[in-house]
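Scope of the values below: all heavy atoms of this structure, side chains included, with no hydrogens, waters or symmetry mates.
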Amino acid sequence: MKPYDPLAQLAPQLPQDRDACQGMDAQDPLAFARERFGLPNGLIYLDGNSLGPLPRHLPERLRTVIQEEWGRGLIGSWNDAGWIDLPGRLGDRIAELVGAEAGEIIVADSTSINLFKLLAGAVRLRPERRVIVTERSNFPTDLYVAEGLASLLGDSVALRFVDGEVTPESVRAAAGDDCAVVMLTQVDYRSGRLLDMAEITAAAHAAGALMLWDLAHSAGALPVELGVCDVDLAVGCGYKYLNGGPGAPAFLYVARRLQPHLPATLSGWLGHARPFDFDPDYRPAPGIRRQLCGTPAILSMAALDAALDVWEDVDRDGLRRKSQALGQLFIGLVEAHGPVDGLVLASPRDPDMRGSQVAWRHPEGFAVMQALIARGVVGDFRAPDILRFGFAALYLRYVDVWDAVAQLMEVLRTGGWDRPEFRRRGSVT
């Protein structure tokens, strides 16, 4: 039987009313997954690309870890409950979502720290090449980490930017013959633009460089094929589309062929070959485990472990088709209302060129988003003028898109955003 394709269903004609969107929800083969989340009633949550919602069963898992494993098991739970092996077990679970093999991913630390580890390791692995190539619009922490590493190492390492649009050709040109590693984010955090992982990785390799991908807006949002694309290194976070909770631990990937050679640049005790020998001399553990550093945060790792259960029986290709359809429906319904002063699409129109988010520019973007949130439609704002809406297909419905667009257009048409309380900014925007 041919799989249900909601994107093709939208091609001839957009739904004409809310009932039609409910009809699409009735046909949705992923509708069962929504019940796996504890979403607040009456809220349309379009910010899973910043923080995923709470999986319904996760609190019970944490209760067990806190009251039973920690409360009764105490220190014995490092062995008896398998705490010590959590970083690797979680890595193997995430590997299934990003096209890696078991033993190629470890869960540890934050995305920023993991990025530092891998960038530093890549530079040491290519000592004759002293340039890190990236793009100017990369997520700021990626740039800060690269700049910090270059500053730490002095004049021996430099940062170079791709000139213009990121394509295989522009990456190859920027890499030249002195690039150690190319560092890019697969899905742009502002616009949602999706880069071609396979072709860009091949271009970096053609220049003799390693390829490092940031999967913060990819993992759990769309099919990722690290192995098929011959990727060398990657990092990603656990609190966006993986729904692991605020500050959930991140993960890093090292292709198996590189693991014996990539040095451990933060050589902490759990990355030692025999950490409980308490040997004063560091000897790196074999495989991916050498990329561990300090003691794992068990409570947050247990939360991420529980969150990964929501992926059971989820068709990854179907998830991608649904997220594309949700985004196309959102764009189509907004534009069906006619032009709105100041509102400009900031994301690629082609769904194959976009991750699981849609962004619009508006000169009063912050106030518009606050007005929407006050009406129960939660997206987020990114400076200087981006309204950003995430379409996590595990729990969003087509009727949610219809209702969100109705609220957005009401706010824009009536000037409902133009109130003092919608202009006040907190520490987090």
Side-chain angles (χ1 to χ4, degrees), residues 65 69-70 73-92 94-95 100-130 132 141 144-157 180-181 210 212 232-236 238 247-302 304-305:
V65 174
E69 296 178 9
W70 179 16
L74 294 167
I75 199 167
S77 288
W78 283 104
N79 286 322
D80 298 339
W83 287 355
I84 196 67
D85 299 320
L86 257 182
R89 293 207 312 271
L90 288 180
D92 289 348
I94 292 172
E101 297 179 2
E104 291 188 314
I105 289 180
I106 200 87
V107 171
D109 304 313
S110 68
T111 308
S112 300
I113 292 173
N114 288 337
L115 191 64
F116 180 90
K117 294 177 190 176
L118 296 187
L119 279 178
V123 169
R124 289 179 62 186
L125 202 58
R126 293 284 195 274
E128 74 287 359
R129 293 167 167 262
R130 309 301 289 178
I132 298 170
T141 199
Y144 302 160
V145 168
E147 290 167 355
L149 178 63
S151 176
L152 180 68
L153 297 178
D155 295 336
S156 60
V157 170
V181 57
L210 296 171
L212 193 164
D232 302 299
L233 310 165
V235 297
F251 64 90
L252 64 82
Y253 161 87
V254 180
R256 195 178 308 280
R257 57 187 160 75
L258 286 180
Q259 290 178 10
H261 313 291
L262 191 76
T265 51
L266 290 179
S267 45
W269 78 300
L270 276 190
H272 191 281
R274 296 182 60 85
F276 289 93
D277 283 359
F278 299 105
D279 185 344
D281 297 318
Y282 181 77
R283 292 181 291 116
I288 194 70
R289 196 164 61 83
R290 72 176 56 179
Q291 299 301 331
L292 288 175
C293 184
T295 305
I298 294 302
L299 296 183
S300 58
M301 286 205 174
L304 178 58
D305 192 24

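In this structure, the side chains of R130 and V123 come closer than 4.5 Å at one or more pairs of heavy atoms. Looking at L125 and L258, their side chains come closer than 4.5 Å, going by heavy atoms from C-beta outward. Looking at heavy atoms from C-beta onward, T295 lies in side-chain contact with W78 at the 4.5 angstrom threshold. When side chains are defined from C-beta on, V65 counts as touching L299, because their heavy atoms get closer than 4.5 Å. Contact of the P87 side chain with the Q291 side chain is not registered, since no non-hydrogen atoms from C-beta on lie closer than 4.5 Å. Between E104 and Q259 there is a side-chain heavy-atom pair separated by less than 4.5 Å.
Aromatic ring pairs are classed by plane angle as parallel below 30°, tilted from 30° to 60° and perpendicular above 60°; the pair W269 and F276 is perpendicular.
Between the CG atom in L118 and the OG1 atom in T265 there is a gap of 7.5 Å [rounded to 0.5 Å]. With rounding to the nearest 0.5 angstrom, the CG atom of L262 is 11.0 Å from the NZ atom of K117. Put simply, CD1 on I132 and CG on L212 are 9.5 Å apart, with the number rounded to the nearest 0.5 Å. Taking CG from L252 and CG from L115, the interatomic distance works out to 10.0 Å, rounded to the nearest 0.5 Å. Between the CG atom of D305 and the CD1 atom of I298 there is a distance of 10.0 Å, given to the nearest 0.5 Å. To the nearest 0.5 Å, atom CD1 of residue I94 and atom CD1 of residue I106 are 10.0 Å apart.
Residue L270 comes nearest to P296 through the heavy atom pair CD1-CD, 3.2 Å, listed as atom of the first residue, atom of the second, then distance. Taking each heavy atom of A122 and L210 in turn, the nearest pair found is CB-CD1, 3.8 Å. In terms of heavy-atom proximity, R89 sits nearest to A81 at NH2-O, 4.4 Å. Contact between D281 and H272 at its shortest, heavy atoms only, is O-NE2, 3.0 Å. The minimum heavy-atom distance between A108 and L292, with the atom names listed, is CB-CD2, 3.8 Å. For G236 against A250, the heavy-atom pair with the smallest separation is O-CB, 3.1 Å.
Residues forming a ring-ring contact (aromatic ring centres under 6.0 Å, His included) with Y144 (at least two apart in sequence, or on another chain): none.
Of the residues T111, D109, L149, V235, the one that meets the side-chain contact (heavy atoms from CB on, under 4.5 Å) test with F116 is L149.
The main-chain N or O of A180 is never found under 3.5 Å from a side-chain atom of R129 such that the two would form a donor-acceptor pair. Formation of a donor-acceptor pair under 3.5 Å by the R256 side chain with backbone atoms of A102 is found in this model.
The number of heavy-atom neighbours closer than 6.0 Å to CH2 of W70, taken from other residues, nucleotides and ligands shown, is 12 or below. Few gaps surround CZ on R257; more than 12 heavy atoms of other groups in view lie less than 6.0 Å from it. With a 6.0 Å radius and a threshold of 12 heavy atoms from other residues, nucleotides or ligands, L74 has its CG atom above the threshold.
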